[in-house]
Each structure stands twice: as C-alpha cells, then as structure tokens.
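Structure, as structure tokens:
Remember, predicted model here, so these are calculated numbers, not experimental data.
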Amino acid sequence: MGPAFAVLLVFVGCCSNVVFLELLVREFPGCGNIVTFAQFAFIALEGLVFETRFGTKKPAIPVSNYVVMVTMFFTVSVVNNYALNFNIAMPLHMIFRSGSLIANMILGIVILKKRYSAGKYLSIALVSAGIFICTVVSAKQVNVANEGSEDDGLYVLARWLVGIAMLTFALLMSARMGIFQETLYKKYGKHSKEALFYNHFLPLPGFLLLSSDIYSHCVHFSRSAPVLVPVIQLNVPIMWLYLLANVMTQYVCIRGVFILTTECASLTVTLVVTLRKFLSLIFSIVYFQNPFTAWHWAGTAVVFAGTLLYTEVLSAVPAARKKSE
C-alpha cells in the first residue's frame with residue numbers, strides 16, 4: 001500500500017468520520033461516551049487479533065509505560081468528546097483542536113528545553129490569534145442566542161466556558177502524551193501499531209465508570225427511527241447505523257495515518273492531516289449549515305496559515321523544485 005492509497009484513506013476516513021460524528025451529536029449531544037467506547041472496543045478487538053495474535057506476541061515496549069500513556073490518551077479522548085455537551089459547536093471544536101501546535105511548542109520548551117526558529121514562533125502566534133478570534137466570536141454568538149433571560153444567558157455562557165476549559169485541558173494533556181510517546185520511541189524504537197492497540201485496549205475497563213451513561217444512550221439509540229438495510233433486509237435504528245459508520249471511518253482514518261507515517265516524511269503527513277482538517281471544517285459548515293461568520297472564516301484562515309508556516313511547506317516547495325531541476 002503506497003502513499004497515494006494512504007492519503008486516500010486519510011481523506012475518506014477522517015472527513016467522513018466527522019460527518020457521522022456530527023449526525024450523532026446533533027441528535028444526542030451527550031453521546032460522546034458511547035461513541036468513544038465503540039471506537040476503542042473495535043480498534044482493540046482488531047489489534048488483539050492482528051497485532052498481538054490473541055496476546056501471544058510480547059510487546060516491544062514495557063506495558064507499564066503503556067499504562068501511563070493510556071491514562072493520558074483515555075482522558076484526552078473522553079474530555080474532548082464530553083466537551084460537546086457544553087454548548088461547543090462542532091466547527092469551534094475542530095478549530096480549537098488545531099491548536100495542538102501551540103500546546104506542543106509550550107510543553108516542548110518547558111519539558112524538553114527545546115528552542116525554535118523565529119518562523120516557528122510566528123506560526124504559533126498566528127494559530128493562537130486564529131483560535132482567539134473564533135473563540136471570542138463564538139462566545140458572542142452564545143450570548144446573542146440566549147438573550148431571553150439574563151440568568152439563562154449567564155448559565156449557558158458558564159457551561160460554554162466549562163467546555164472551553166475542557167478543550168484546553170485536553171489540548172495540553174495531548175501534547176504531554178506526545179512528548180512522552182516521543183521519549184518512548186527514542187528509547188525502544190517506533191512501534192506505532194503496537195501503541196495503537198494498547199492505547200485502545202487498556203482503557204476499556206475505565207468505561208465501567210461510564211456504563212450508566214453508555215447504557216442510557218444504547219436505549220436512546222435503539223428507539224431511534226428504523227431504517228431498512230438492503231443487504232440483510234432488516235430494520236435497524238438509524239443511530240446504530242450512524243455509530244457503526246463512525247467507528248468504521250475512525251478505523252480507516254487511523255490506519256491511513258499509520259500507513260502514511262511509514263511511507264512518507266513527517267512533513268508530508270502533517271500537510272495531509274492539515275488539509276484534511278480544513279476540508280472537514282468546510283464540509284461541516286456547508287453541509288450542516290453551521291453558523292459561521294466572516295470573523296470565523298478569518299480566524300480559520302489564520303489558524304491554517306500558521307499551521308502551514310509551522311510545517312515549512314511553503315519553503316519546502318522551492319527546495320523540491322531545485323532538486324528536480
């Protein structure tokens with residue numbers, strides 16, 4: 001499987017995954033836990049069969065290190081999905097998570113004592129400015145949409161601020177996990193597929209804490225409108241079909257990124273993921289008619305311009321042309 005196939009998997013899998021997630025969230029805003037559990041269970045089952053061969057293959061990295069990584073990974077996944085319960089619109093959710101560059105740079109400076117070029121700092125400033133613009137505009141929309149009662153408006157705004165705090169925490173925790181993973185790979189070598197399995201398998205018992213919420217959404221999903229599935233000729237509740245599609249596309253997305261990291265340079269991977277995020281954002285806005293003002297567009301443009309500057313894509317193009325000449 002070459003790079004072109006991997007890029008196709010990333011764009012098809014990740015972009016369609018966002019669509020099915022929004023279809024789920026629009027009907028049941030609090031369904032983040034059942035979505036996360038379904039994704040974890042499927043990827044863990046696939047890894048158990050094909051990666052560990054039912055536990056007969058010894059891990060290259062000690063399991064104790066995976067326990068630490070998994071704790072962070074599980075927390076990030078749950079907090080990111082649960083933040084959607086707090087008046088966080090999907091476009092803002094996607095843009096905010098694009099700020100991973102900021103978190104990575106900050107923790108890289110603090111923990112790894114890294115130093116970056118002026119261009120890198122400029123790119124982070126652009127990304128920060130873009131996220132700030134979108135966040136402020138979204139905050140104003142929350143206030144405008146709830147002008148009926150001052151107390152109600154304050155309550156909704158407070159919930160929105162809690163959601164923003166959750167996204168910020170998840171962003172920093174994700175960056176810390178990346179640094180921890182980087183140090184493990186330097187010590188033990190790269191074992192991305194193994195890490196993918198343990199990151200999804202070990203957290204499964206943690207979902208017992210969320211079992212009541214997951215069960216209640218199972219009931220809600222089962223009561224959704226039935227749809228006839230042509231192949232099996234059975235009526236299946238539409239929310240279960242959306243969940244199945246979300247899980248499958250999430251798997252395709254993750255597998256595509258994994259193949260891409262083994263086939264291409266990190267610069268290419270970053271560019272593909274960045275373009276995928278942008279296309280997902282545009283599709284979400286157009287297809288679902290999410291509220292998106294000119295200020296949102298300006299903020300989005302600044303975020304992705306900063307991301308491209310960070311990856312040095314623009315400077316890499318002339319260099320590639322010179323090589324070809």
Decide yes or no on side chain to side chain contact (heavy atoms under 4.5 Å, CB included) for Asn246 and Asn17, but give the supporting numbers first. CA-CA 5 Å; Asn246 177 270; Asn17 179 258; 3.2 Å; yes
How far apart are the closest heavy atoms of Tyr66 and His191, and which atoms are they? OH-O, 4.2 Å
Backbone of Ala170 reached by a side-chain donor or acceptor of Ser174 within 3.5 Å: no
Side-chain heavy atoms under 4.5 angstrom apart, residues restricted to Ile, Leu, Val, Met, Phe, Trp, Tyr: same cluster for Tyr242 and Leu234? yes
Are Met69 and Leu202 linked, directly or through intermediate hydrophobic residues, by side-chain heavy-atom contacts shorter than 4.5 Å (ILVMFWY only)? yes
Validation row: Gln250, Leu21 side chains within 4.5 angstrom (heavy atoms): no
Does a side-chain heavy-atom distance below 4.5 Å link Leu167 with Asn80? yes
Do you know the tightest heavy-atom contact between Pro226 and Asn235? CB-CB, 4.0 Å
Just say parallel, tilted or perpendicular for the rings of Phe201 and Phe197, cut-offs at 30° and 60°. parallel
Is the backbone of Val19 close enough, under 3.5 Å, to the side chain of Glu22 for a donor and an acceptor to pair up by distance? no
Spacing of CG belonging to Leu210 relative to OG belonging to Ser216, to within rounding of 0.5 Å: 10.5 Å
Set out, in order, the CA-CA distance, both residues' side-chain angles and the distance that settles side chain to side chain contact (heavy atoms under 4.5 Å, CB included) for Phe28 and Ile34, then state yes or no. CA-CA 11 Å; Phe28 296 104; Ile34 189 174; over 6 Å; no
Nearest heavy-atom contact between Leu309 and Gly119 is CD2-O, 3.8 Å
Residues at least two apart in sequence or cross-chain that pass ring-ring contact (aromatic ring centres under 6.0 Å, His included) with Phe40, listed by chain then number, are Phe73, His200, Phe207
Hydrophobic clusters here meaning ILVMFWY residues chained together by side-chain heavy-atom distances under 4.5 Å, can you tell me if Tyr198 and Tyr188 are in one? yes
Can you find a pair of side-chain heavy atoms, one from Phe180 and one from Asn65, that are under 4.5 Å apart? yes
Rounded distance (nearest 0.5 Å) linking atom OH of Tyr251 with atom CD of Gln39: 14.0 Å
The reported gap from CE in Met239 to CG in Leu23 (rounded to nearest 0.5 angstrom) is 8.0 Å
Closest heavy-atom pair and its distance - Ala44, Leu204: CB-CD1, 4.0 Å
Count the heavy atoms of every other residue, nucleotide or ligand shown that sit under 6.0 Å from CZ of Phe221, and state whether that count exceeds 12. yes
In this structure, would Val79 and Val68 fall into the same cluster of hydrophobic residues linked by side-chain contacts under 4.5 Å? yes
Would you please test Met177 and Thr75 for side chain to side chain contact (heavy atoms under 4.5 Å, CB included) and show each step? CA-CA 11 Å; Met177 182 182 71; Thr75 304; over 6 Å; no
To the nearest 0.5 Å, how far apart are CZ in Arg255 and CD1 in Ile43? 10.5 Å
Closest non-hydrogen atom pair between Ile238 and Ser224, with its separation: N-OG, 3.4 Å
Would one find more than 12 heavy atoms of other residues, nucleotides or ligands at under 6.0 Å from atom OH of Tyr215? no
Using the side chain to side chain contact (heavy atoms under 4.5 Å, CB included) rule, take Val35 and Leu243 through it: C-alpha gap first, then chi angles, then the decisive distance, then the call. CA-CA 7 Å; Val35 172; Leu243 181 61; 4.0 Å; yes
When clusters are formed by joining ILVMFWY residues with side-chain heavy atoms under 4.5 Å apart, either directly or through shared neighbours, do Leu209 and Val78 land in the same one? no
Enter the distance from Leu184:CG to Ile61:CD1 here, rounded to the nearest 0.5 Å. 5.5 Å
At what distance, to the nearest 0.5 angstrom, does CG of Leu172 lie from CD1 of Ile106? 6.5 Å
Beyond-backbone contact of Leu45 with Phe42, side-chain heavy atoms, under 4.5 angstrom: no
Give the minimum heavy-atom separation between Ile109 and Arg115, together with the two atoms involved. CG2-NH1, 3.7 Å
